[in-house]
Amino acid sequence: MNDGASSSRRGDGGETVVIDQGQLTSSCGYCKSASFTSISHGLWAQSIKADDYQDLLDRGWRRSGCFLYKPEMESTCCPPYTIRLKACDFVPSKEQVRVQNKMQRFVEGTLNERKPDQFEEMNSTECYIKSCNNESLASNSSGIFLGKPSSGKNEYKFEEDEFLQVLSNEVNNAISACIDRGEFPSIQFPKAVVKKVKPQAKRKLTEDLLYTSNIPFQIAALLKRAQSAHGNNSPAGLNNPSQNGGSLDIPPNVIAEALSSSIKWDDQPFGLLVKACNGHLNFYSSTDQSNYSDFVSNIEACTQTFERARGQNKESYSTDSIAKIPFKKQKLEIRMKRSSFDPEEFSLYKRYQIKIHGDLPEKVTESSYRRFLVDTPIIFVPPASGARSVPPCGFGSFHQQYVIDGKLVAVGVVDILPRCLSSKYLFWDPDLAFLSLGKYSALQEISWVKDSHDHCPSLQYYYLGYYIHSCNKMRYKAAYRPSELLCPLRYEWVPFDIARPLLDKKSYVVLSDFATRPYQASSTGTSIPDYNGPNMSSSNERGEAGADHEVLDADEDNKSDVEVSREPLRNELMMFNVGNILIGLHGSRLRFKNLRQVFGAIDKSFIRELELQLERFVTVVGNELSSRIIYSLG
């Protein structure tokens with residue numbers, strides 16, 4: 001399991017000291033259960049060696065600040081599996097290559113440009129505003145054309161990503177208008193994002209549907225949380241809206257109707273029909289023909305909106321042509337700095353949490369940010385001159401900053417450890433959502449591991465945190481291929497392609513039971529393990545609680561097979577002598593078996609209770625770590 005470097009070769013000094021918190025229960029943030037169904041074991045780490053934290057990661061632990069936690073995989077409601085990728089084996093998908101190329105074009109100032117001879121090679125739909133004197137312009141009322149351009153010398157063009165940003169800005173303007181008219185309370189709302197409707201969705205609905213936004217659902221959820229948090233004592237800015245009887249619990253369909261009316265009220269429909277549909281804000285293609293004067297005015301209106309989005313002043317326009325907006329090359333810097341508080345980072349984090357996750361401003365405090373993303377127990381290991389056992393930045397906790405032309409646009413919080421870069425969190429500028437900074441930063445972190453492997457051969461993996469198969473928001477992690485999941489029992493790494501069909505059937509699986517099974521081809525062409533028996537026969541395809549309950553009723557033969565496979569691990573734990581665990585007490589260090597010799601008579605019930613705690617501690621951290629970690633009693 002160690003895959004390489006041992007702690008003996010790094011003179012990192014210090015010691016690993018933890019305070020055991022035992023088993024903890026809480027409500028689940030993934031399945032949103034009302035009861036305390038999320039179960040984990042917790043440790044407060046006063047300090048921890050990089051090697052020791054690496055070994056804890058490889059037993060399913062993670063950290064939040066100085067708090068370490070390990071889910072109780074068999075009993076928690078949504079079992080999270082540690083997922084990793086060997087950087088040198090990474091094969092980017094077409095989508096991931098597009099993300100990299102988009103950032104490259106953005107930095108070079110060519111994101112909107114294409115050479116004339118490339119027009120016919122474009123696969124994606126693009127938006128065009130064509131010159132007013134082109135007689136072939138017989139289209140919608142705004143002059144915005146969807147699809148490949150017809151021949152014409154005078155064209156003003158920008159990519160669909162830019163047009164989506166224009167529409168998103170219009171929705172945000174509509175939100176502000178609703179606030180000004182008293183239809184919405186005056187609080188910080190998340191930024192709207194308008195997305196293109198996929199072809200398969202259009203076939204189910206209508207071919208006229210082009211774009212959509214779910215911002216009404218986000219606003220409704222934010223208002224509901226605000227009302228729940230404050231009850232009848234609404235804070236300043238949470239004045240009762242004029243609609244819905246003074247309640248903040250406004251349905252998404254009502255919000256969508258208000259936004260739709262506001263966009264039309266602002267007279268910026270862009271030749272698209274804006275309608276509210278089941279809580280969504282939808283944009284449909286317009287079939288209405290307009291006269292020449294309306295067409296000219298709509299071109300200018302749309303162009304002005306586009307330039308406002310670019311932050312540039314309006315140029316002079318004629319009916320002969322529209323000048324192309326000049327593009328400026330920008331400088332992208334990626335900086336790795338040790339974890340510390342930075343006011344600029346905190347300002348970006350606060351904007352991100354409020355606009356992307358809908359957090360209330362008063363909840364995003366400097367102290368909570370420090371506890372979550374700045375504080376770290378990992379002991380820093382500086383690089384050694386001429387040594388190839390530590391990367392140039394050292395081991396420890398870092399903030400990887402992404403800076404464009406001197407402006408901080410994203411921060412990745414990572415831990416650099418002997419065998420991996422462990423990604424902890426990322427926050428980014430909401431105004432640059434179109435750059436897919438989450439995906440881009442992951443690709444950069446993978447690239448960093450590849451480059452650092454030359455300086456530190458043991459460092460070769462990229463850890464993406466936890467993967468929950470039943471949580472759709474986490475499935476993007478499996479897109480970085482070929483990835484592996486950690487077996488929750490034997491702590492062996494199992495290829496994701498083997499684990500996936502198993503997790504389709506039930507949420508908790510001893511993955512290593514299937515790691516060496518023969519393959520068989522499925523009807524979809526995907527290789528899956530050859531398995532039989534009632535453990536995998538559940539009809540529940542999402543790995544939810546029902547599947548776990550069915551497995552409990554499996555026949556006794558299958559249950560005994562599982563018990564036999566686990567018995568060697570239990571025997572190994574029984575062989576460990578908890579008397580050899582180092583106890584930290586009032587600044588001194590001594591073995592548990594020597595407590596009475598040093599402190600004299602100690603209550604037997606206290607000794608027995610402590611012994612039970614130590615046995616549970618050995619179970620969750622393992623024999624090897626138990627012999628190295630100092631178990632602090634204060």
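By convention here, the first residue in the shown sequence is residue 1. It should be emphasised that the depicted structure is a prediction, and the values quoted were computed from it without experimental measurement.
Residues passing the side-chain hydrogen bond (donor to acceptor under 3.5 Å, both in side chains) test with D451, sequence neighbours excluded: none. Taking E72 as the reference, nothing meets the salt bridge (charged side-chain N to carboxylate O under 4.0 Å, His left out) condition, with sequence neighbours excluded. Partners of E344 under the salt bridge (charged side-chain N to carboxylate O under 4.0 Å, His left out) rule, at least two apart in sequence or in another chain, do not exist in this structure. Partners of Y425 by side-chain hydrogen bond (donor to acceptor under 3.5 Å, both in side chains), not counting sequence neighbours, listed by chain and number: Q353. In this structure H455 satisfies the ring-ring contact (aromatic ring centres under 6.0 Å, His included) test with no other residue, sequence neighbours excluded. For C88, the side chain to side chain contact (heavy atoms under 4.5 Å, CB included) partners are K86, not counting sequence neighbours. For S47, there are no side-chain hydrogen bond (donor to acceptor under 3.5 Å, both in side chains) partners two or more places apart in sequence or in a different chain. Residues passing the salt bridge (charged side-chain N to carboxylate O under 4.0 Å, His left out) test with E611 are R608, sequence neighbours excluded. Residues satisfying the salt bridge (charged side-chain N to carboxylate O under 4.0 Å, His left out) test with D429, not counting sequence neighbours, are R351, K407. Residues forming a side-chain hydrogen bond (donor to acceptor under 3.5 Å, both in side chains) with Y466 (at least two apart in sequence, or on another chain): none.
Note that NZ of K70 is 8.5 Å distant from OG1 of T82, once rounded to the nearest 0.5 Å. For the atom pair S347 OG and Y369 OH, the distance stands at 10.5 Å (nearest 0.5 Å).
In terms of heavy atoms, I39 sits closest to S75 at CD1-O, 3.7 Å.
Residue pairs meeting the salt bridge (charged side-chain N to carboxylate O under 4.0 Å, His left out) criterion with at least one partner in residues 580-592, sequence neighbours excluded, are E15-R589. Sequence neighbours left out, the pairs with a member in residues 58-88 that pass ring pair (Phe, Tyr, Trp, His ring centres under 6.0 Å) are W44-F67.
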*Mind running side chain to side chain contact (heavy atoms under 4.5 Å, CB included) on V494 and E484 for me, showing each step along the way?*
CA-CA 5 Å; V494 177; E484 302 174 301; over 6 Å; no
*side chain to side chain donor-acceptor pair (under 3.5 Å) between T16 and D52, worked out*: CA-CA 7 Å; T16 298; D52 291 342; 2.5 Å; yes
*Under the side chain to side chain donor-acceptor pair (under 3.5 Å) rule, what do E333 and Q401 come out as? Steps first, then yes or no, please.*
CA-CA 8 Å; E333 299 177 85; Q401 298 181 329; over 6 Å; no
*asked:* If you apply the rule salt bridge (charged side-chain N to carboxylate O under 4.0 Å, His left out), what do you find for R481 with D89, and how did you get there?
replied: CA-CA 8 Å; R481 299 171 58 86; D89 293 339; over 6 Å; no
*Which is it for T365 and S367 under the side chain to side chain donor-acceptor pair (under 3.5 Å) test, yes or no, and what are the steps along the way?*
CA-CA 5 Å; T365 63; S367 59; 3.2 Å; yes
*For side chain to side chain contact (heavy atoms under 4.5 Å, CB included), just list the numbers for L443 and Y480, CA-CA rounded to whole Å, side-chain angles, deciding distance to a tenth of an Å, and then say yes or no.*
CA-CA 9 Å; L443 296 171; Y480 299 90; 3.9 Å; yes
_With side chain to side chain donor-acceptor pair (under 3.5 Å) as the criterion, how do Y349 and D342 come out once you've worked through the C-alpha distance, each side chain's angles and the decisive distance to 0.1 Å?_
CA-CA 11 Å; Y349 169 79; D342 183 325; over 6 Å; no
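Within the 4.5 Å cutoff, side-chain heavy atoms of L373 are placed close to those of F427.
When the shell of 6.0 Å around CZ of F90 is examined, it contains more than 12 heavy atoms from other residues, nucleotides or ligands. Remark: K477 NZ is packed, more than 12 non-hydrogen atoms of other residues, nucleotides or ligands lying under 6.0 Å away.
With no hydrogens or angles considered, a side-chain donor-acceptor pair links R62 and S422 at under 3.5 Å. Between the side chains of S397 and R63, at least one donor N or O sits under 3.5 Å from an acceptor N or O. A donor-acceptor pair shorter than 3.5 Å cannot be found between the side chains of Q444 and Q100. A donor-acceptor contact closer than 3.5 angstrom links the side chains of Y463 and R84. For the 3.5 Å distance criterion, the side chains of Q613 and Y631 qualify, holding a donor opposite an acceptor.
In terms of modelled atom types and a separation under 3.5 Å, the side chain of T619 and the main chain of E615 share a donor-acceptor contact. Put simply, the side chain of T376 gets close to the backbone of I378: a donor and an acceptor are under 3.5 Å apart.
Here K439 pairs with E95 in a salt bridge; the nearest charged N to carboxylate O distance falls below 4.0 Å.
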